[in-house]
Amino acid sequence: MAASQVDQKRALNKLKHDLEPFRTAIVGAYGVITWEKQYYAGVVFGAISVLYLVLWYLDLSLITLLSLLGLISILLNYVFPTVSRLLFGGVNWDGDQEAKFEDVCGQVCAVKGSLVVWYEYLFKERKSTVFVIVISLGLLAIAWIGAIINNLLLMYLATLLIVMWPGLQNKDVFKAVTQTASKIINEKIQCGKRKLQ
């Protein structure tokens, strides 16, 4: 094995060890966001909508929101492993659940590796002037959109997209949409060709 593969395997094993107390919650959440059951898409959409509705109603300042999120994450990190052992201690952990847990850990490691590669590309390497101009224009466009559209709405839409993405991919929604679009485009092209003849 190459050195990078050994490092990746070591990182995966470390991540699995670190997430061991949360594995039942991770496998359950994985099933929900990949829409193992048909109604999970509605559950995810409803939960995110209620969460953002509460945030909108409370209208917290950024400092207060970050402090509360930090507090909740610290409390969950402290309490959840103990509660999970009490609630799920008797549940048999089978090979299917272990495979899902390893799959999630592998995906997290892959995302982490991609983020490191992008970070090194964006901030460590020397860039051309065209690259800097294009990125600057893109960031200015995003800043302009953020200035004219409510930030909470933008975060709501971004959160929905990020959380619904695995389910959309798992159910091949994108493949169905692209197949339908290509079918319509091909029909229009064929119709246009017939009109020209």
Side-chain angles (χ1 to χ4, degrees), residues 1-38 40-41 43-44 47-48 66 69-70 72-85 87-139 142 155 157-179 182:
M1 274 204 276
S4 65
Q5 289 177 335
V6 172
D7 290 339
Q8 289 174 350
K9 187 70 172 169
R10 188 176 296 136
L12 177 63
N13 288 335
K14 182 183 180 328
L15 181 68
K16 282 173 55 178
H17 179 267
D18 292 343
L19 294 178
E20 190 74 25
F22 304 100
R23 68 183 187 174
T24 53
I26 289 170
V27 169
Y30 181 74
V32 171
I33 65 170
T34 56
W35 304 351
E36 284 182 355
K37 295 186 178 167
Q38 205 64 23
Y40 281 166
V43 170
V44 170
I48 291 173
L66 292 177
L69 287 175
I72 290 169
S73 65
I74 287 172
L75 288 175
L76 282 176
N77 191 28
Y78 180 73
V79 171
F80 186 78
T82 307
V83 172
S84 130
R85 271 190 302 258
L87 292 177
F88 305 115
V91 175
N92 293 333
W93 188 256
D94 60 7
D96 185 41
Q97 291 172 321
E98 185 66 30
K100 286 180 186 177
F101 181 63
E102 286 185 13
D103 185 36
V104 171
C105 289
Q107 290 176 12
V108 170
C109 280
V111 168
K112 184 179 176 184
S114 297
L115 290 175
V116 167
V117 167
W118 273 101
Y119 173 79
E120 290 174 355
Y121 174 71
L122 290 174
F123 298 111
K124 302 273 178 152
E125 296 179 14
R126 185 107 171 112
K127 304 294 179 292
S128 68
T129 307
V130 174
F131 177 83
V132 172
I133 290 171
V134 168
I135 293 296
S136 298
L137 289 174
L139 291 173
I142 291 171
M155 284 305 299
L157 295 175
T159 305
L160 273 179
L161 179 66
I162 290 168
V163 175
M164 297 292 248
W165 190 267
L168 291 170
Q169 281 187 320
N170 191 35
K171 297 297 182 188
D172 292 329
V173 172
F174 296 118
K175 186 184 289 184
V177 168
T178 55
Q179 286 175 347
S182 66

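Keep in mind that what you see is a predicted model, and the values were worked out from it rather than measured.
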By salt bridge (charged side-chain N to carboxylate O under 4.0 Å, His left out), which residues pair with D18, not counting sequence neighbours?
K14
E98 vs K16, side chain to side chain contact (heavy atoms under 4.5 Å, CB included): CA-CA, chis, key distance, verdict
CA-CA 10 Å; E98 185 66 30; K16 282 173 55 178; 4.2 Å; yes
S136: partners by side-chain contact (heavy atoms from CB on, under 4.5 Å), with sequence neighbours left out
V132
Hits for side-chain contact (heavy atoms from CB on, under 4.5 Å) against V130, two or more places apart or cross-chain, chain-then-number order -> S128, V134
Applying side chain to side chain contact (heavy atoms under 4.5 Å, CB included) to V104 and V27, what does each step give before you reach the verdict?
CA-CA 8 Å; V104 171; V27 169; over 6 Å; no
May I have all residue pairs that pass salt bridge (charged side-chain N to carboxylate O under 4.0 Å, His left out) and include part of residues 157-175, sequence neighbours excluded?
none
Side chains of residues 163-170: which donor-acceptor partners sit under 3.5 Å, not counting sequence neighbours?
residue: W165; atom: NE1; partner: Q169; partner atom: OE1; Å: 3.3
residue: N170; atom: ND2; partner: T34; partner atom: O; Å: 2.7

Output all residues satisfying side chain to side chain donor-acceptor pair (under 3.5 Å) with Q179, sequence neighbours left out; order by chain, then residue number.
none
What pairs of donor and acceptor atoms, side-chain ones from residues 72-83 against any protein atom, are under 3.5 angstrom apart with sequence neighbours left out?
residue: S73; atom: OG; partner: L69; partner atom: O; Å: 3.2
residue: S73; atom: OG; partner: G70; partner atom: O; Å: 2.9

Residue pairs passing the side chain to side chain donor-acceptor pair (under 3.5 Å) test where at least one lies in residues 104-122, sequence neighbours excluded
D103-Q107
Side chain to side chain donor-acceptor pair (under 3.5 Å) partners of T159, counting only residues at least two apart:
Y52
How far does CZ of R10 sit from SG of C109, to the nearest 0.5 angstrom?
13.0 Å
Going from CG on L12 to CD on Q5, what distance comes out if it is rounded to the nearest 0.5 angstrom?
13.0 Å
For L19, give me all partners under side-chain contact (heavy atoms from CB on, under 4.5 Å), at least two apart in sequence or on another chain.
L15, I26, F101, C105
Mind checking ring pair (Phe, Tyr, Trp, His ring centres under 6.0 Å) for Y40 and listing every partner two or more places apart, or none if nothing turns up?
none
Strictly by salt bridge (charged side-chain N to carboxylate O under 4.0 Å, His left out), give each pair with a member in residues 157-166 just once, sequence neighbours left out.
none
Pairwise distance CD1(I48) to CG(L161) - rounded to 0.5 angstrom:
10.0 Å
